[in-house]
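Beneath this line is the structure, given in structure tokens, with notes to follow.
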Amino acid sequence: MAVLIADAMEKMIALSQGNLHDVEHFMKVHAFAEMIGALEGLDAGMQQTLELAAIVHDIACPLCRKKYGNTDGKKQELESPPLVEAFFDGLPVSQETVRRVSWLTAHHHTYTGVDGPDHRILLEADYLVNAGENGYSEQAVRAALEHIFETASGKRLLRSLYLSGERGSCPESSSCASNVI
């Protein structure tokens, strides 16, 4: 799996055509998705699908910038499926996985009707990164904590990163240090 993930990252970096913001964004989303998926105990197949979706979730951004002049989330969702399918052509990924990654990418700004842990974690990972990049208010973060975040590890990360007075607490079985300031 590690080689496939690395190959997908390298391909996505090349597609980004030197746009460091886009590269840094998907790398951070991937890191959070990988971490949350592991902490939530996803099986290997779903973990791989989640990580691939995290890498390509904003694949439509360059097209949307050219076509619409912005990267509106709903436009990204609309434009992404054919781009995702073309991206995975030539990579050793099953059609079933490509379909799921395409669906996840086409719903990574859709917070209703969440379909599965991979979808939930992708939403959470993208929000964690967007909150920092866009300077979301404490009120917005609290609303996300209440209405978007459902995984225990995602909630801990959100609290640790953005709600300084509510540091996430680690489960006793974990070695994390989120309570240390």
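Computed over heavy atoms, backbone and side chain alike; hydrogens, waters and symmetry mates excluded.
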| Do the side chains of Ile121 and Tyr111 join up, straight or via other hydrophobic residues, at under 4.5 Å, putting them in one cluster? | yes
| message | Counting neighbours of CG on Asp43 that are heavy atoms of other residues, nucleotides or ligands and sit closer than 6.0 Å, is the number greater than 12? | response | yes
| Test item: Glu124 side-chain N/O and Glu150 main-chain N/O as donor-acceptor pair under 3.5 Å | yes
| request: Look up atom CE in Met9 and atom OG in Ser16, then write down how far apart they are to the nearest 0.5 Å. | output: 12.0 Å
| field | Derivation of the side chain to side chain contact (heavy atoms under 4.5 Å, CB included) call for Phe88 and Val56 | value | CA-CA 10 Å; Phe88 287 105; Val56 301; 4.2 Å; yes
| said: Regarding Arg142 and Glu138, does a basic nitrogen lie under 4.0 Å from an acidic carboxylate oxygen? | reply: yes
| query | What distance do Leu163 atom CG and Lys155 atom NZ have between them, rounded to the nearest 0.5 Å? | reply | 12.5 Å
| query | Rounded to the nearest 0.5 Å, what separation is found between the CG atom of Asp89 and the CZ atom of Phe87? | reply | 11.5 Å
| message | Is there a side chain to side chain contact (heavy atoms under 4.5 Å, CB included) between Asn130 and His25? Walk through the geometry before answering. | response | CA-CA 8 Å; Asn130 286 332; His25 178 82; 3.0 Å; yes
| Should Asp58 and Phe26 count as side-chain neighbours, where that means a heavy-atom distance under 4.5 Å? | no
| field | Sidechain N-carboxylate O distance under 4.0 Å for Arg99, Glu96 | value | no
| remark: Here the gap from Cys61 atom SG to Lys66 atom NZ, rounded to the nearest 0.5 Å, amounts to 12.5 Å
| request: Among Gln76, Glu79, Lys75, find the residue that satisfies the side chain to side chain donor-acceptor pair (under 3.5 Å) test when tested with Tyr68. | output: Glu79
| query | Relative to the ring of Tyr127, is the ring of Phe149 parallel (under 30°), tilted (30 to 60°) or perpendicular (over 60°)? | reply | perpendicular
| Heavy-atom closest contact (Val98 atom, Val84 atom, distance) | O-CG1, 4.4 Å
| remark: Smallest heavy-atom separation, Met46 atom then Pro117 atom, equals SD-CG, 3.8 Å
| said: I need the Ile13 CD1 to Asp22 CG distance, nearest 0.5 Å. | reply: 11.5 Å
| request: Answer with yes or no whether the hydrophobic clustering places Val101 together with Leu78; edges join I, L, V, M, F, W, Y residues whose side-chain heavy atoms lie under 4.5 Å apart. | output: no
| message | Please check this pair: side chain of Asn19 against backbone of His21, looking for a donor-acceptor N/O pair closer than 3.5 Å. | response | yes
| message | Assess, by modelled atom type and distance only, whether the side chains of Glu51 and His30 contain a donor and an acceptor separated by less than 3.5 Å. | response | yes
| request: Mind listing the closest non-hydrogen atom pair of Met12 and Ile59 along with its distance? | output: CE-CA, 3.6 Å
| task | Give a yes or no on this: more than 12 heavy atoms of other residues, nucleotides or ligands lie within 6.0 Å of atom NZ of Lys74. | result | yes
| said: When you compare the side chain of Arg65 with that of Pro62, does any pair of heavy atoms fall below 4.5 Å? | reply: yes
| Side chain to side chain, Pro92 and Leu4, heavy atoms closer than 4.5 Å | yes
| query | Under 4.5 Å between any side-chain heavy atoms of His57 and Asp126, yes or no? | reply | yes
| said: Are the side chains of Leu39 and Arg156 in contact, using a 4.5 Å heavy-atom criterion? | reply: yes
| query | Do you know which two heavy atoms are closest between Ala53 and Leu104, and how far apart they sit? | reply | CB-CD1, 3.8 Å
| request: Nearest 0.5 Å please: distance from the CG atom of Leu63 over to the OG1 atom of Thr71. | output: 11.5 Å
| Less than 4.0 Å between a side-chain N and a carboxylate O, is that true for Arg120 and Glu40? | no
| task | Return the minimal non-hydrogen interatomic distance between Ala60 and Leu83, and the atom names on each side. | result | CA-CD1, 3.7 Å
| task | Please check if any side-chain donor atom of Glu77 sits under 3.5 Å from a side-chain acceptor atom of Thr110, or the reverse. | result | yes
| field | Ser153 vs Met35, side chain to side chain contact (heavy atoms under 4.5 Å, CB included): CA-CA, chis, key distance, verdict | value | CA-CA 9 Å; Ser153 53; Met35 181 190 328; over 6 Å; no
| Does the pair Val29 and Leu122 meet the rule for a side chain to side chain contact (heavy atoms under 4.5 Å, CB included), with working shown? | CA-CA 8 Å; Val29 172; Leu122 181 60; 4.2 Å; yes
| query | Which pair of heavy atoms, one from Asn70 and one from Asp72, lies closest together, and at what distance? | reply | OD1-N, 2.9 Å
